[in-house]
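Order of the sequence lines fixes the chain letters, A, B, ..., with proteins taken first and strands second; residue numbering starts at 1 for each chain. It should be emphasised that the depicted structure is a prediction, and the values quoted were computed from it without experimental measurement.
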There are 2 protein chains.
Amino acid sequence: MRKQTVTAEDVAKRAGVSRAVVSRALSSNGSISPSTKEKVLRAAQELGYQVNFLAQGLNRQRSHLIGVIVARIGDPFRSSLLEGLLHEIQRRGYQALVTEITGEQDLTPTLRRFTQFRVSGVIVTSGKPPETLVNECVSQQIPVVGINRQPDIPLVDFVCSDNDSGAYQAAEQLFHSGCRRFGWLNNRGSTWAGMMRGEAFYQALHQLGVDTQRHISDITASEEGYEGGFQAARAWTGELPAGIFCANAQLACGFLDGMRQRGKFAPQDFHLIGFDNTPQSGQFSYQLTTLHQDVSEIARRALTRLLERAKNPLQPSRIEWVKVELIHRQTSPRIG
Amino acid sequence: MRKQTVTAEDVAKRAGVSRAVVSRALSSNGSISPSTKEKVLRAAQELGYQVNFLAQGLNRQRSHLIGVIVARIGDPFRSSLLEGLLHEIQRRGYQALVTEITGEQDLTPTLRRFTQFRVSGVIVTSGKPPETLVNECVSQQIPVVGINRQPDIPLVDFVCSDNDSGAYQAAEQLFHSGCRRFGWLNNRGSTWAGMMRGEAFYQALHQLGVDTQRHISDITASEEGYEGGFQAARAWTGELPAGIFCANAQLACGFLDGMRQRGKFAPQDFHLIGFDNTPQSGQFSYQLTTLHQDVSEIARRALTRLLERAKNPLQPSRIEWVKVELIHRQTSPRIG
DNA sequence: TTGAAAGCGTTACCAA
DNA sequence: TTGGTAACGCTTTCAA
């Protein structure tokens, strides 16, 4: 019975050279004459040689793996972000190691596992990794980048959608549509990004001359997602604000439906602007005016930051803000 | 400058034993006295020792990685299936290697990459891997399991939702609701699962005494997903069938919206039953009657099959049908 | 430009 | 029960 897998040794033998030469031919790392290189390549081809990434990684102290931490993939925005990341990771010749966490407590074992695989980098799209853990990564020269997370960890880069700009655009759209009473819809225990959007919304309205104490109401959902928005709408008792801004699309769609059930519709009875521009928000039944997050661009930048920091691990932390764009749909139609 | 990573050697030194003993203490594989085992474990703990999975995998010829092939994660059903798989993979102590493919042509490089990482198994949720490639896996003792794929590859196991049963349940529900003219909605270039559902629907209606030649119409969407269903509804010219069964939830929601735009509503103007029970299908705006696919159960069985075949690579191919359940909602209300 | 050899960190076999 | 040692497959000095 012959050996199952063909190794560099086999290729070397066939090409009449040494293992070392084979390595050089394939990694184009170290000098080699064009003719032997071709000879080796042909031999490798003929034998169907495939590098053993485990051995390669062990030797180089780094695999071609990139760890991705996600949560609640069922959420449409999250899954589209993951899709963007996978695409970009593969495009750059890496392979994604994906872990879904269900809470902060999963972060430690996950990050640890990633280091055990000697990943080339870690992308965090959910949770807030404890600083000590991140330091472990840093000390092992593993770059970490956070997406839409609070950018306050040294030596970690962040790529975030421009929440401020989004909130301003929303505030202006609502204000110039004639709204004078406003609502801010978010769920209890929101993400950092959600909270940023809320704060910026208040600020923007303040700058537009709105009395933020008296004319903005917080609408707080007791849970996240569609269900949270739905319940919040059903539970709302006060007067309905004319213009409502919402932390994300799922909440917004739920709110829309909850209000619909009470016989209230946008844009007739209130305006509503969401965030994320998930596929669902564009569907006929919702047609939600919303801020588009450019997941492809976010993914591209995240990878760029990762690879750059791999070369230069101690450079200061960088934060990149990715432009968001207001998509005008029915729940707050374009003005004029 | 001290060494960056702590190795088994370091632990051995500290515990006053050999590397081999350390290995045994951690893998509980090979005999070791309880006292030394504890000693080693403590030393490992104190040093914060973590096994290098690359080295381990290289030696054992198998990593603790499981490759997962997906496509269009943006689709709600697909992302929930992925979620289920990730959960199950992690629960069993493995780590998922996820690759998104955009077409059949991505399959070969992906599968090849998986073998280069010496994965413990491959789960295919999209695409139909060429038999030669699968044989490569088989010859390397890498188990492959397909989910909702056509079960016709030797030495590969399959886990599928019970499309037949689902189609029968749908047919009965529609028939007993009084429908006598039927429609089957699917998109051009559908998946195998979609086609199975259609065939079974025809069969079921036939058994119920329906003249399948004259009383069932094919409604064929020119593209998949919501958009496809929406367009199909807008483009439909014939008489609207009383009871429509649809290959999946996205198509169904799109169809519902497309009809809604034309002033036609379910269940007043027609009945509609979808497949998948995605979160969206339960939302207030759709309330789609649909067949629930149990993704957790599918994931569990897939992993079970994978691990079992790892032990016994040459056993005959197995197909498991996972029960589906009709969820009664508004588009075809429960009878009686 | 090439080859020999020394690792990379584990595990598994074989003696002791 | 233990320790030595030979793999696992690749990369990378260092000489030649």
Side-chain angles (χ1 to χ4, degrees), chain A residues 2-41 43-44 47-65 112-113 115-120 140-141, chain B residues 3-41 43-44 47-65 113 115-120 140-141:
Chain A
R2 66 180 179 75
K3 222 169 60 178
Q4 287 295 336
T5 64
V6 28
T7 75
E9 183 78 53
D10 302 325
V11 178
K13 219 168 284 170
R14 174 158 194 136
V17 297
S18 72
R19 283 208 313 281
V21 174
V22 175
S23 176
R24 286 181 208 127
L26 279 102
S27 63
S28 57
N29 185 355
S31 63
I32 183 174
S33 85
S35 67
T36 48
K37 175 164 184 173
E38 197 196 342
K39 199 168 50 180
V40 172
L41 257 33
L47 264 49
Y49 171 70
Q50 308 279 107
V51 179
N52 180 327
F53 286 150
L54 262 24
Q56 185 182 70
L58 174 60
N59 191 296
R60 297 222 245 242
Q61 322 262 32
R62 192 104 311 160
S63 64
H64 256 56
L65 258 20
R112 201 144 269 162
R113 206 139 25 88
T115 65
Q116 293 184 273
F117 279 111
R118 297 294 185 269
V119 295
S120 293
Q140 292 190 45
Q141 312 269 65
Chain B
K3 224 169 60 174
Q4 287 296 336
T5 64
V6 27
T7 75
E9 183 78 55
D10 302 324
V11 179
K13 218 169 285 171
R14 176 162 191 133
V17 295
S18 74
R19 283 207 310 282
V21 174
V22 174
S23 176
R24 285 180 211 128
L26 279 100
S27 63
S28 58
N29 184 356
S31 61
I32 183 173
S33 84
S35 66
T36 48
K37 174 163 183 171
E38 197 197 340
K39 199 168 49 180
V40 172
L41 257 32
L47 264 48
Y49 170 71
Q50 308 280 108
V51 179
N52 180 328
F53 285 151
L54 262 23
Q56 185 181 71
L58 174 60
N59 188 292
R60 297 205 191 160
Q61 322 260 36
R62 192 105 310 162
S63 63
H64 255 56
L65 259 18
R113 206 139 24 91
T115 64
Q116 294 184 273
F117 278 111
R118 296 295 185 268
V119 296
S120 294
Q140 292 189 46
Q141 312 269 64

Under 3.5 Å, sequence neighbours excluded: what are the donor-acceptor pairs made by side chains of residues 49-61 of chain A?
unit_1 : atom_1 : unit_2 : atom_2 : d
A:N52  : OD1    : A:L54  : N      : 2.8
A:N52  : OD1    : A:A55  : N      : 3.1

Review point. Would you call B:T5 and A:R118 a side-chain contact if the rule is heavy atoms closer than 4.5 Å?
Key: yes
Exercise for review: Taking the side chain as every heavy atom from C-beta outward, state whether A:V11 and A:R14 have any atom pair closer than 4.5 Å.
Suggested key: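 The answer is no, as the side chains (C-beta and beyond) never meet within the 4.5 Å cut-off.
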Given atom [atom1] of [X] and atom [atom2] of [N], what is their separation to the nearest angstrom?
X	N	atom1	atom2	result
A:R60	D:dC10	CZ	P	11 Å
B:F53	C:dG9	CZ	P	15 Å
B:L54	C:dT11	CG	P	13 Å
A:Q56	C:dG7	CD	P	21 Å

Practice item. Select from B:V51 and A:T36 the residue whose nearest nucleotide in DNA chain C is closer to the 5' end of that strand. Key: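 The answer here is A:T36.
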Review point. Is there a side-chain polar atom (N or O) of A:S31 under 4.0 Å from OP1 or OP2 of C:dT1?
Key: yes
Exercise for review: May I ask you to evaluate whether B:Q61 reaches the phosphate of D:dG9, defined as a side-chain N or O under 4.0 Å from OP1 or OP2?
Suggested key: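 Checking D:dG9 against B:Q61, a side-chain N or O does come within under 4.0 Å of OP1 or OP2.
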Review point. Are the side chain of B:R62 and the backbone N or O of B:Q141 linked by a donor-acceptor pair below 3.5 Å?
Key: yes
Check your understanding: For residues 19-29 of chain B, which residues have at least one heavy atom under 4.0 Å from DNA chain C?
Key -> B:R19, B:A20, B:S23, B:R24, B:N29
Review point. Taking the side chain of A:I32 as its heavy atoms from C-beta onward, which of C:dC8, C:dG9, C:dT2 lies nearest to it?
Key: C:dT2
Check your understanding: Which heavy atom in B:V40 sits nearest to a heavy atom in B:A25, and how many Å separate them?
Key -> CG1-CB, 3.6 Å
Exercise for review: Give the minimum heavy-atom separation between A:K37 and A:S28, together with the two atoms involved.
Suggested key: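 For A:K37 versus A:S28, the nearest heavy atoms are NZ-CB, 3.9 Å.
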Check your understanding: Heavy atoms under 4.0 Å, any strand shown: does A:Q116 hit a base, just sugar-phosphate, or nothing?
Key ->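 Nothing, no heavy atom under 4.0 Å.
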